[in-house]
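Below is one structure, written out as structure tokens; the observations come after it.
Because the structure is predicted, anything quoted here is derived from the model rather than measured.
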Amino acid sequence: STFVIILTITVLLFSTPILPIYQYFAAKNMAGKNILIQFFSVVVNIFVFFALYKVIGLYTILISNTLAFLTSYLIGNYYQYRYLGVKFRVEWPYHLKLIAFGIACSTICWSIRYFIPVGLWDLIIYPTLVVVSFIFYVRGLKLISDQDLEQYVGTIPLLKNGLARILIT
């Protein structure tokens, strides 16, 4: 269950904020940049895994995957600054809110884990809890605006309207 909790939260924390740059590169026919981000992510994952596996054991998977997602996140942020003009300093409060979400959600999941024995239900309970918590967190702290949706998915009205219903109103 620790694996499910950590990996689900890591994906939400480090993948979601850089989705706009992936969309931008796809729309601008610059798929090579997306491949480059993924390449460095894989290299970090493999390097960390093989460097730490004999020392840490199975939990190396969590560390290597988290660092791989962090790598793609940092490269994605660099590209968002370079191509979209997104300034990390201006976005700092947003990132702090995401970190607070990660800590809060992890605490909730581990608290539930204390009362529910480890089992197959972990694959349903924790991802569902994290995703639902994420939706309420995004809505409550207004992390996504109509302007954000218009900028990133405005050309796909069905997706934009669906995301607006889930994340904004």
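How far OG of Ser64 is from CZ of Phe47: 12.0 Å, rounded to the nearest 0.5 Å. Considering OG1 of Thr71 and CD1 of Ile37, their distance stands at 11.5 Å, rounded to 0.5 Å. One finds the CD atom of Gln23 at 9.0 Å from the CG atom of Asn34 (value rounded to the nearest 0.5 Å). For the atom pair CG (Leu52) and CD1 (Ile61), the distance works out to 12.0 Å, reported to the nearest 0.5 Å. One finds the CD1 atom of Ile156 at 11.5 Å from the CG atom of Leu149 (value rounded to the nearest 0.5 Å). With rounding to the nearest 0.5 angstrom, the CG atom of Asp146 is 6.5 Å from the NZ atom of Lys160.
In terms of the salt bridge (Lys or Arg N to Asp or Glu O under 4.0 Å) criterion, Lys97 has no residue partners (sequence neighbours excluded). The ring pair (Phe, Tyr, Trp, His ring centres under 6.0 Å) search around Tyr137 returns Phe101, not counting sequence neighbours. Taking the ring pair (Phe, Tyr, Trp, His ring centres under 6.0 Å) definition, one finds that Tyr78 meets it with nothing, sequence neighbours left out. For Tyr53, the ring pair (Phe, Tyr, Trp, His ring centres under 6.0 Å) partners at least two apart in sequence or on another chain are Phe49. A search for side chain to side chain donor-acceptor pair (under 3.5 Å) contacts involving Asp148 returns Ser145, not counting sequence neighbours. Tyr22 is linked by a side chain to side chain donor-acceptor pair (under 3.5 Å) to Gln38, counting only residues two or more places apart in sequence or in another chain.
Counting only heavy atoms from C-beta outward, the side chains of Leu70 and Thr66 never approach each other to under 4.5 Å. Ile18 is listed as a side-chain neighbour of Ser72, based on a closest heavy-atom distance under 4.5 Å. A 4.5 Å side-chain heavy-atom check between Leu62 and Leu7 finds at least one atom pair inside the cut-off. The side-chain heavy atoms of Leu74 and Tyr79, taken from C-beta on, include no pair separated by under 4.5 Å.
The two residues Thr128 and Ile124 have their closest heavy-atom pair at OG1-O, 2.6 Å.
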Applying side chain to side chain contact (heavy atoms under 4.5 Å, CB included), run through Ile135 and Ile166 and close with a yes or a no. CA-CA 7 Å; Ile135 291 169; Ile166 293 170; 3.8 Å; yes
Could you give me the CA-CA distance, side-chain angles and deciding distance for Phe69 and Phe14, then say whether ring-ring contact (aromatic ring centres under 6.0 Å, His included) is met? CA-CA 6 Å; Phe69 277 112; Phe14 295 131; 7.5 Å; no
Audit row: Ile168, Arg139, side chain to side chain contact (heavy atoms under 4.5 Å, CB included) steps and yes/no: CA-CA 5 Å; Ile168 297 174; Arg139 289 178 71 129; over 6 Å; no
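Between Tyr83 and Phe25, the angle of the ring planes goes over 60°, which puts this pair in the perpendicular group of the 30/60° scheme.
Phe40 CZ: 12 or fewer foreign heavy atoms inside a 6.0 Å radius. The number of heavy-atom neighbours closer than 6.0 Å to CG of Leu158, taken from other residues, nucleotides and ligands shown, is 12 or below.
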